[in-house]
Amino acid sequence: MEGANGCGIHVVSQRMVRPLTPPPATMMNGNGCHRRKEEVEVIHLTPWDLRLISIDYIQKGILLPKPPSDGDNDLVNALESSFARALRLFYPFAGRLASEERAGDGTVSVFLRCTGEGAEFVHAVAPEVAVADIVSSLYTPPVVWDFYPLALVLGADAAIERLPVLAVQVTVLADGVFIGMTLNHSVGDGTAFWHFFNAWSEINRAAGGGVGISADLPADLSTPPPVFKRWFPETCPVPIPMPFRKLEDIVRRFERTAVKECFFTFPAASVKKLKARANGEMACSATATISSLQAVLAHFWRAVCRARRLPPEHGTLYSVVVGCRGRMNGIPPGYVGNALVFGKAEATAGEIEEKGLGWTAWLLNRAVASFDEATMRESLERWVREPDFTYMDNLSSAGTALVTGSSPRFDVFGNDFGWGKPLAVRSGSGNKADGKATVFEGPERGGSISLEVCIAPDALERLVADQEFMDSVSTPAA
């Protein structure tokens, strides 16, 4: 295929990879998932899972140096082998979503069938694309979107069209390798996504990049074992009957407006200064500490309001993902599924500008703090009665809002596949709308934070020219 920027990307092979061996009996019998008559293990989806079936797959990937191997085929074969072994551990990711329509009461339910049909594995080459093309500019080149399979596919499409819930693409560049992964968002969230990625890279690293080796997983695998048993409130019916005659009635395609992307990294020193400034401004009124991420996002929110030239009286909204792990009892370490909600902060553009960084960061702090276990349980129980779904056009709100997902706590730069740590992280076209900002740990780690920003081209140009904003951002090496 031809890349979006004219760079040629050629797909060498595309195949379905099954788990290397059947899942261990102890895992199949002990994870508490329901079985159906045909003895295919079934994982029913929670309200957290189902509300995200209406958005694109998660698409994140890492740029690696080119390994000192004998050839691309050896590299790809090794990665496919370790991918199959990672699927043994995360065997539901080789399954398929399915729906069941009940004509009697006009409801539909959705579940994940652990069929072992496999995950998609794509080998591609882009000999005209170099590492520098991706990392040497603030702007992300459009070709990056072509490093991912299953582009612009909604979660519900997987059940409607029997698509895989997980796919990866290994693209060999002129002087590097890009590994892009795509995961159905109703099957897992960012924590589950990077859990799999971390396990895969560790398995490949432990094998020394070899192929044709034992199917056994490394005995000392540091990645915690995945837990597939879903967490439901006690009053929640399983499976959840949604009041739609068919799954297609939930689907809504949003208009993909023109956007451009930049990748901003805030060094640890800049993050520390922003946090100190935000907390200093709120020292007399705040009752909790503003976090580093809240300070960075407040700095970003204020700058985007300026870049968008919003009138002072114009309302603006910031939606931030709030993780439920650690906030809810009963969700174990290694939980594979969705466990997140959106916290929302609102103000006028004039308030954001006039009241300062600390006040804006405090809005975000309160949006996160407003969620406790009781609130979350009530929200989940209400969802069963009145289901609502996440749509990207609602979150982006026609150029007046922002939404931030992911987390700087995810281990991105620890994904060493055996020949060197990642040089960069970038995401694909999934859920890209005007106002989407994805947060990652910075490449220097140790407190640095990166933001992948997707907004309208004219606003992005003004954002890059905003000296107040850019003073906290490091300049990419040429």
Side-chain angles (χ1 to χ4, degrees), residues 1-12 59-79 82-83 121-149 151 168-182 194 197-198 200-201 204-205 209 260-267 406 410-429 432 438-445 448-454 464 473-478:
M1 63 181 171
E2 189 75 13
N5 65 349
C7 296
I9 296 182
H10 172 65
V11 173
V12 178
Q59 292 187 314
K60 305 284 189 296
I62 55 173
L63 178 64
L64 295 162
K66 201 161 190 177
S69 65
D70 295 332
D72 295 349
N73 287 337
D74 288 342
L75 165 68
V76 173
N77 289 338
L79 290 171
S82 58
F83 183 62
F121 188 95
V122 180
H123 170 204
V125 293
E128 299 175 15
V129 181
V131 166
D133 296 329
I134 299 168
V135 301
S136 64
S137 171
L138 286 172
Y139 289 91
T140 300
V143 71
V144 168
W145 287 10
D146 296 318
F147 294 160
Y148 294 88
V168 300
Q169 180 173 317
V170 177
T171 305
V172 180
L173 312 179
D175 56 352
V177 176
F178 194 96
I179 300 179
M181 195 168 89
T182 301
W194 289 110
F197 219 124
N198 295 158
W200 179 21
S201 65
N204 197 83
R205 185 170 67 249
K260 290 188 74 174
E261 287 184 285
C262 269
F263 201 90
F264 300 108
T265 293
F266 299 82
S406 197
F410 295 154
D411 181 7
V412 173
F413 288 93
N415 285 294
D416 181 347
F417 277 78
W419 63 87
K421 293 187 177 181
L423 305 171
V425 57
R426 297 291 187 272
S427 60
S429 58
K432 290 293 174 66
T438 306
V439 63
F440 298 101
E441 65 171 347
E444 68 182 61
R445 310 182 93 174
S448 63
I449 292 175
S450 292
L451 275 181
E452 186 180 58
V453 173
C454 181
V464 171
V473 175
S474 60
T475 304

Pair Phe178-Val170, side chain to side chain contact (heavy atoms under 4.5 Å, CB included): steps then yes or no = CA-CA 6 Å; Phe178 194 96; Val170 177; over 6 Å; no
Inter-residue atom distance [X].[atom1] - [Y].[atom2], 0.5 Å rounding:
X      : Y      : atom1 : atom2 : value
Ser427 : Phe147 : OG    : CZ    : 12.5 Å
Phe266 : Ile449 : CZ    : CD1   : 8.5 Å
Leu63  : Ile179 : CG    : CD1   : 10.0 Å
Thr171 : Asp72  : OG1   : CG    : 11.0 Å
Leu423 : Lys66  : CG    : NZ    : 13.5 Å

Using atom types as modelled and distance alone, determine if a side-chain donor or acceptor of [X] lies under 3.5 Å from a backbone N or O of [Y].
X      : Y      : result
Ser429 : Trp145 : no
Tyr148 : Gly61  : yes
Asp175 : Val131 : yes
Asp416 : Trp419 : yes
Asn77  : Asp74  : no

So do the side chains of [X] and [Y] get within less than 4.5 Å of each other, counting heavy atoms only?
X      : Y      : answer
Glu444 : Pro267 : yes
Val143 : Asp133 : no
Leu79  : Phe121 : yes
Glu441 : Phe410 : no
Val11  : Gln169 : no
Val125 : Ile9   : no
Leu451 : Phe440 : no
Phe417 : Arg205 : no

In plain terms, say whether Lys432 and Glu452 are close enough for a salt bridge, that is, a side-chain N and a carboxylate O under 4.0 Å apart.
->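 Counted as a salt bridge, because a side-chain N and a carboxylate O are separated by less than 4.0 Å.
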Heavy-atom closest contact ([X] atom, [Y] atom, distance):
X      : Y      : answer
Pro149 : Val122 : CB-CG2, 4.3 Å
Asp411 : Asn415 : O-ND2, 3.1 Å
Asn204 : Ser82  : OD1-OG, 2.8 Å
Gly442 : Ser450 : CA-OG, 3.6 Å
Ala130 : Ala174 : CA-CB, 4.4 Å

Is it true that the NZ or CZ of Lys260 lies under 6.0 Å from the centre of Tyr139's six-membered ring and within 45 degrees of the ring axis?
->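 Cation-pi check for Lys260 and Tyr139: passes.
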With Arg426 as the cation and Phe263 as the aromatic partner, state whether NZ or CZ is under 6.0 Å from the six-membered ring centre and within 45° of the axis.
->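 Yes.
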I would like to know whether Thr265 and Ser474 meet side-chain hydrogen bond (donor to acceptor under 3.5 Å, both in side chains); could you show each step before the answer?
-> CA-CA 6 Å; Thr265 293; Ser474 60; 4.7 Å; no
Decide side chain to side chain contact (heavy atoms under 4.5 Å, CB included) for His123 and Val172; before the verdict, give the C-alpha distance in whole Å, the side-chain angles of both, and the deciding distance to 0.1 Å.
-> CA-CA 8 Å; His123 170 204; Val172 180; 4.1 Å; yes
For Phe413 and Lys421, what are the C-alpha separation, side-chain angles and deciding distance, and is it a side chain to side chain contact (heavy atoms under 4.5 Å, CB included)?
-> CA-CA 6 Å; Phe413 288 93; Lys421 293 187 177 181; 5.8 Å; no
